[in-house]
Visitor: 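Supplied in structure tokens, the structure appears directly below.
Residue numbers start from 1 in every chain, and the chains themselves are labelled A, B, ... in the order their sequence lines are given, proteins ahead of strands. FYI, side chains are in, hydrogens and waters are out, and symmetry mates aren't considered; it's all heavy atoms of this structure. The shown structure was predicted, so the numbers you read here are calculated from the model rather than taken from an experiment.
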Amino acid sequence: MPVIDLWAKDGYLSTPDGNSIYFWGFSKSETGPAQLPGPYIIAKQEETITVNLYNKLSEPVSISFPGQPVVTVGGQPVQPQYSDGQLLSFVNHAEPGGMVSYTFTPSYPGTFIYESGTNPHKQVPMGLYGGLVVRPADYNPNVKEYKTAYGAGTNTEFDREYLLITGEIDPDMHQTVEEGKPYHVSKYLPRYWTLNGRCAPDTMLMDHVDYLPHQPYGSIVMGQPGEKILMRYIGAGIDNHPLHPHGTHTRVVAVDGRLLKNGNVDLSYKRFTVLVGAGQTYDQIYQWDGLGYTPQNPIPTTLPNLRNMGIGDAGWTMWSGSPYLGMKGDIPVGVVSYNEFGEYYFMLHSHEELQITNWGEFPGGMMTWVAIYPSLSHDVGVLK
Amino acid sequence: MATVAKILQVATGSLSLPGKIIPFWGFTDVFVGNPQNPGPLIQATVGDQLIVGLMHNYIKFIGEPLSIIFPGQENVMVRKIPWGPFIYEPVQPQYSLGKMISLTNYLDEKQDIIIEYSFTATKPGIYLYESGTNPEKQIQMGLYGIIVVRPVGYNILDHHNHKTAYGAGTNSGYDLEKILVLSEIDSIMHNNVRPNVYYDMLKFKPDYWVINGRSFPDTISEDNTSSQPYGSQISCRVGQRVLLRIINAGFQNHTFYLGGLVGRVVAEDSFPLKTQSLDATYEKTGVTLGSGQRMDIILTPTTPGEYYLYDREYHHLVNNDQFPGGMMTRITVNN
């Protein structure tokens, strides 16, 4: 039986504008850093899993697993917890210094959130959340028909997959928690908007860069033309975010970890923008094939709009200088290109565009790239 | 096909929130009675003729023009007594000096005794009725309520529509139902609004979040005869089909979370998702409702215990900035 250990701890987040923000997060080990979001949990349908929560914070902490049928603690279904007759936690919690062990058997594959169920108005915005991916019972990454999000025959095959978790940060409220001052939600005013705990342009960095010890997950989405790229969105914050990738639409195949299919009727739908609602999840297939691109016919892409290519300071670009995938061309003197192999870049961002700033300064916030490469290792876009 | 008549008056009253009592404006169906929030529930069956009268309140009047709009209802007709029109005519937006002052015909307390709106309930579902005059102010002050339209035969044992929200074949059969009206309250605004005086809605900043006009823990108290008569605590047995009829009557969007449970959305804005040709119902752990939107969800709990249903925008689970409170209620599942 898989056992996951999570330590609720504190730490400091880095933002691209140089801020350092106190937060609470889950860590994989007692000595490891708290991280935002918490460690991905990969489980398997019908396989019982245990999550041990060790609480190193100064107040009770719990974890709720919305959408999982029966979560038990000590053999009994989890229950709301009260203190002096007042609701304290939606589910059994660990006291400071203590631990609690949750056990459940996922009956459905899909994408789910896990998050604190104690003082959630404070603990979830402080960072106590993460993503849970449940593999279908017949999942086999080595066989195309069985490398699916929801099981063979559900039209959810994918070549690569990415988990994108949205959140918001109000640095002043994080500071009041750090200083032990009263936490007034009426003062809430987010100044940072995060994908996988990072603000752009840090979102575009690789996983596990050593200068972001508390934010191990990048959110750049990489693939090849024609590949099925599974994007798993989770809204972990308290606000809703309209996310869209440029380049093409997505097909929404599941919401809240439930396949959009009744009997033989396929209810999946195409969307350009998905409103990522608080606490909800959306599984989508993104497939970029340009205007009929094949390796033999690499020509037909239209020139990308240069505005969509810019990032950072004036004169920085992700453009290769060539409209041909896999080719690099001349770029004007003084322009810095971050293009590596003649790949194409498309933005993926919140269309609530204040949210693509860091404290009001563009570019930043809830923004990343979809990058289409002429060729790409199979190791990229694998959730482990 | 019957006629359902409801005579409403608007009155000033007091709302009791945890730690605070504030003035509000509400509908009442008791002659010069205390107003309530949400307004009195109006129930009808498909085919019924509804007549909703809004009567001048001579005792606890507000002094502003008043009206009711019925989103989702078609061919709403109106007449007024004593100054006419006497014969029902279609409702119209109202203008004064070239300026639109009401989304529909209104009761002018200087001259009218009663205004009557009438329409045929053509589709089953849950609908709002709410103020159409100074709605940015009057709805927040409490002038909203619910109309439930039921399919023919819903109350007849052995009828194929018995205990369904939308009729047979819509997967909307239920053992018990609960109407949950979501909204938010700005207590400072309530204390400062005066009739016929401009209120700057840019100052709107709610500090209480309510289900059926109550903030947790009042939500889990029983129904009563106060100005907030409707509780929202639910008790059911394992395996029962609980129909949650969720309406967002507020100005903010709200994400109603099913306490970790998974429900099946069977209707949106009172359009059933399952028809003869297509079953488009789907399962969710939480649903985001925009202002004025409605969703019908069937919840079938399988494990006994207590579950909290709440706004996943966790900052709305507070009273006076303190958790727990706000837009939250409880379902108790027994064996």
Side-chain angles (χ1 to χ4, degrees), chain A residues 64-72 76-80 82 85-91 108 112-113 115-125 170 173 182-188 235 237-240 254-263 265 267 269 275-281, chain B residues 171 205-209 216-217 220 252-265 273-274 277-290 301-326 328 330-333:
Chain A
S64 66
F65 298 91
Q68 301 306 329
V70 187
V71 181
T72 60
Q76 295 300 313
V78 290
Q79 279 296 290
Y82 299 87
Q86 175 151 303
L87 179 69
L88 179 59
S89 301
F90 292 133
V91 294
Y108 287 82
F112 301 91
I113 188 174
E115 58 180 353
S116 170
T118 307
N119 284 329
H121 67 306
K122 175 166 70 176
Q123 293 192 5
V124 173
D170 176 338
M173 294 188 67
Y183 183 88
H184 293 303
V185 297
S186 54
K187 302 262 198 300
Y188 172 66
I238 58 172
D239 293 331
N240 303 331
V255 292
D256 292 3
R258 289 293 190 275
L259 183 67
L260 286 166
K261 191 175 185 186
N262 282 331
V265 180
L267 298 172
Y269 49 84
L275 184 65
V276 181
Q280 296 159 71
T281 77
Chain B
N171 197 6
K205 192 171 192 301
D207 52 353
Y208 284 88
W209 288 269
F216 181 85
I220 60 175
Q252 299 180 325
N253 300 338
H254 295 289
T255 294
F256 200 74
Y257 222 58
L258 305 174
L261 302 173
V262 177
R264 183 168 285 274
V265 180
L273 294 174
K274 186 170 184 215
S277 54
L278 176 69
D279 180 1
T281 62
Y282 59 96
E283 291 183 302
K284 290 283 282 170
T285 55
V287 288
T288 299
L289 288 97
T302 56
T303 308
E306 285 182 353
Y307 304 86
Y308 279 87
L309 313 178
Y310 50 81
D311 189 350
R312 174 57 179 69
E313 288 151 65
Y314 286 127
H315 284 176
H316 300 166
L317 305 189
V318 298
N319 300 326
N320 193 24
D321 271 344
Q322 300 296 308
F323 177 89
M328 179 155 58
R330 189 171 65 189
I331 180 166
T332 304
V333 182

Visitor: Quick check, are the ring centers of B:Tyr310 and B:Phe216 under 6.0 angstrom apart?
Guide: no
Visitor: Less than 4.5 Å apart, side chain to side chain, heavy atoms only: is that true for B:Leu289 and B:His254?
Guide: no
Visitor: Check A:Thr118 against A:Ser89 and note the closest heavy-atom contact, atom names and distance.
Guide: OG1-OG, 2.7 Å
Visitor: Hey, which of A:Ala278, A:Pro182, A:Pro69, A:Gly67 has the most heavy atom pairs under 4.5 Å with chain B?
Guide: A:Ala278
Visitor: Do A:Tyr183 and A:Pro125 make a side-chain contact, defined as non-hydrogen atoms from C-beta onward lying under 4.5 Å apart?
Guide: yes
Visitor: Distance under 6.0 Å and angle within 45° of the ring axis: does A:Arg258 meet both against B:Tyr282?
Guide: no
Visitor: Is it the side chain or the backbone of A:Pro120 that comes within 4.5 Å of chain B heavy atoms, both, or neither?
Guide: both
Visitor: Below 4.5 Å from any heavy atom of chain A, which atoms of B:Pro206 appear? Answer side chain, backbone, both or neither.
Guide: neither
Visitor: Please look at B:Tyr257 and chain A and tell me whether the side chain, the backbone, both or neither of the residue comes under 4.5 angstrom of a heavy atom of that chain.
Guide: side chain
Visitor: Please classify the contact between B:Thr288 and chain A as side chain, backbone, both or neither, with a heavy-atom cut-off of under 4.5 Å.
Guide: both
Visitor: Using side-chain heavy atoms (C-beta onward) and a distance below 4.5 Å, is A:Pro80 in contact with A:Leu87?
Guide: yes
Visitor: Top residue by heavy-atom pair count (under 4.5 Å) with chain B, among A:Gln86, A:Gln68, A:Gln76?
Guide: A:Gln86
Visitor: Is B:Asp279 in contact with chain A via its backbone, its side chain, both, or neither, using a 4.5 Å heavy-atom distance?
Guide: both
Visitor: Which answer fits A:Val255, side chain, backbone, both or neither, if we ask what part of it has an atom under 4.5 Å from a heavy atom of chain B?
Guide: both
Visitor: Quick one: what part of A:Ile113 sits under 4.5 Å from any heavy atom of chain B, side chain, backbone, both or neither?
Guide: side chain
Visitor: Is chain A contacted by the side chain of B:Leu278, its backbone, both, or neither, given a heavy-atom distance below 4.5 Å?
Guide: side chain
Visitor: Strictly by salt bridge (Lys or Arg N to Asp or Glu O under 4.0 Å), give each pair with a member in residues 312-325 of chain B just once, sequence neighbours left out.
Guide: A:Glu115-B:Arg312
